[in-house]
Amino acid sequence: MCGIFARIANEPVAPALIEGLRRLEYRGYDSAGIATIEQGGIERRCAVGKVDALEAVVRSGPPAGTIGIAHTRWATHGSPSERNAHPHVAPGLAIAHNGIIENHRELRHALSDRGARFRSETDSEVIPWLMHQHMANGVSAKDAMHRVGEELHGAFAIAAISENEPNVLRAYRRGSPLAVGFGEGGGVLASDPQALAGYATEAMILEDGDSAEITRDGVTLFNRTGERVQRQTLAVDPSVFACEDNPYAHHMLREIHEQPDVIARILGQYRVPADVLAMVPVDFRRVSRITLVACGTSYYAAALARRWFQEFARVPAEVAIASEFRYEAFAPPLPGELAIVISQSGETADTIGAMEVMRARGIPVIALVNQIGSTIAREADGTIPLLAGPEIGVASTKAFSAQLTVLAMLALAAGQRRNQPGIGQFHARLQKLGDMVTAALHNEPAVIAVAERIHNAHSMIYVGRGSLFPVAMEGALKLKEISYIHAEGFAAGELKHGPIALVDPQTPIIALVASGSLFEKSASNIREIAARNGRIILVGDRAALLSLSDVSTHSLTVPQGCDLLQPIVSTVPLQLLAYHVARLRGLDVDRPRNLAKSVTVE
Ligand code: AGP
């Protein structure tokens, strides 16, 4: 979604603003802009499309200001255009805004009546006009910022500069993330703490209602009543945007290959199942039902974990898509209900909404989150960090395997607490996961060969049974996200109830199989596809592939594991397949069209 970056320094900030926006590109956007203060006046440059287009505009007339704000806009109110691009201005002021202003229509009318002249179709443009009118009435910039924060409805983060105080950057947060930092060269703020890398070693995370005042001397934070406060700080990883050190062509490919390290980090940090329990205030002996809630890839992790909680902990578990769940009508909660929310970014608006619904119903919420300091991590009753490290590619890969590894630990921990048998044995097997994922990655040349055969397909079908069904859905999501090929994941046994009508020799069918109790059932479903001239690409362990070699056109081998490990390992070739298909189609793998890394609107 939208991104904010701002800088105050002793030298012209335009290059830093452009670099900052590049770091936020992965969030998804369709126009970009900057504003600086130069010779006492606001200077604004905007462009539709990528940051490259903005950079060209800036190069043709570089602003010399040493204070500035910058923004990447993902259109919500009004089309992507220069007029709608941020920063937005009112006399003497410029602001960049992330989030949604729900009461912008009423405010627009009232402001117009008082003389405001709007130039854009955006909700955001009410912000500089509100600030302007307060300041014109003698209110200080700091107080005007807080007043505006109180007047707006919705979720937002704002960065502002004003000609009245040309040496101060101001920011305000409610609902949308904002981090500020300070280093030798001056101050910095961004909607993503990692974007501060190189400018600050620590990011201070604003809380709702906080404002920040950043000068060349330091940063001051104020709470909603205007008192000075200190907030949580996070270490900023200096290497995360160091693409020159990336031996891989894309962030996504690097992140796929980082998965064994991520798994090793998780299993090193959470050595025994009880280690994950120590992070959350839940006694699993008293839990009567678990509801797992998430979106997208995180939802598929939840769908898989649902099975594990039932199998290993013998707790009834259900899974829900956050955007649907938050508006459902509910029966009264049962004693012992628990909600688990899963989110890489920790900022997904739908998941936050679902979490609020759960808490309002008196149900404790624990969160599995990759971004420490995010809204979900702060607001849940207990949070287990996913430890995947920053994920830059829009398509989630290493965060998914981190979610599954942590969820597996949590399900085993719940089982142990509930005195279920065999937990130690499964925990021992989990220690082999990293090596198995490494072995699956070694099969990349075979994946590339398959990608070369199918990258021109118009549609693909993914099928799996049992724990491989959520993997099939995740594989299809990965493909459609970055290759723009239509893809669907189905439960293999469900094909004959309708989707089998789609089978034809032009549509590659990625069939996930594993030796084990469901193998014969899966094999029958795959043979039904073969009987209708389906073009089958098998993904599975060697024994399973051998039994079906007569019906497959290609096969991708993964190591053989148990119900806990097989789905995680089987994900690897699907991630690689999506990546190589998209690469062969010449697409922007890390920044697919229309998508945002962190979906902060409903
Ligand atoms: C994953 O590849 C997607 N980009 C998307 O489905 C994502 O998983 C979803 O938006 C949820 O995000 P979250 O994990 O940050 O909450």
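In this text the structure is predicted, and so the values were computed from the model without any measurement. Order of appearance sets the numbers: ligands from 1, and atoms from 1 within every ligand.
Between the side chains of Tyr29 and Glu25, at least one donor-acceptor pair of N or O atoms lies under 3.5 Å. For the 3.5 Å distance criterion, the side chains of Gln403 and Ser298 qualify, holding a donor opposite an acceptor. At a cut-off of 3.5 Å, with distance as the only test, no side-chain donor of Gln371 or Ser345 sits close to an acceptor on the other residue.
The shortest non-hydrogen separation linking Pro592 to Glu481 is CB-O, 3.2 Å.
For ligand 1, the 4.0 Å heavy-atom shell takes in Cys295, Gly296, Thr297, Ser298, Ser343, Gln344, Ser345, Thr348, Val394, Ala395, Ser396, Leu477, Lys478, Glu481, Val599, ordered by chain and residue number.
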Please list, one pair per line, the donor and acceptor atoms closer than 3.5 Å that link side chains of residues 435-445 to other protein atoms, with sequence neighbours excluded.
unit_1	atom_1	unit_2	atom_2	d
Thr438	OG1	Gly434	O	2.9
Asn443	ND2	Thr557	O	2.8
Glu444	OE1	His257	NE2	2.8
Glu444	OE2	His580	NE2	2.6

Verify ring pair (Phe, Tyr, Trp, His ring centres under 6.0 Å) between Phe5 and Tyr199, making sure each step is shown before the conclusion. CA-CA 12 Å; Phe5 188 88; Tyr199 301 106; 5.8 Å; yes
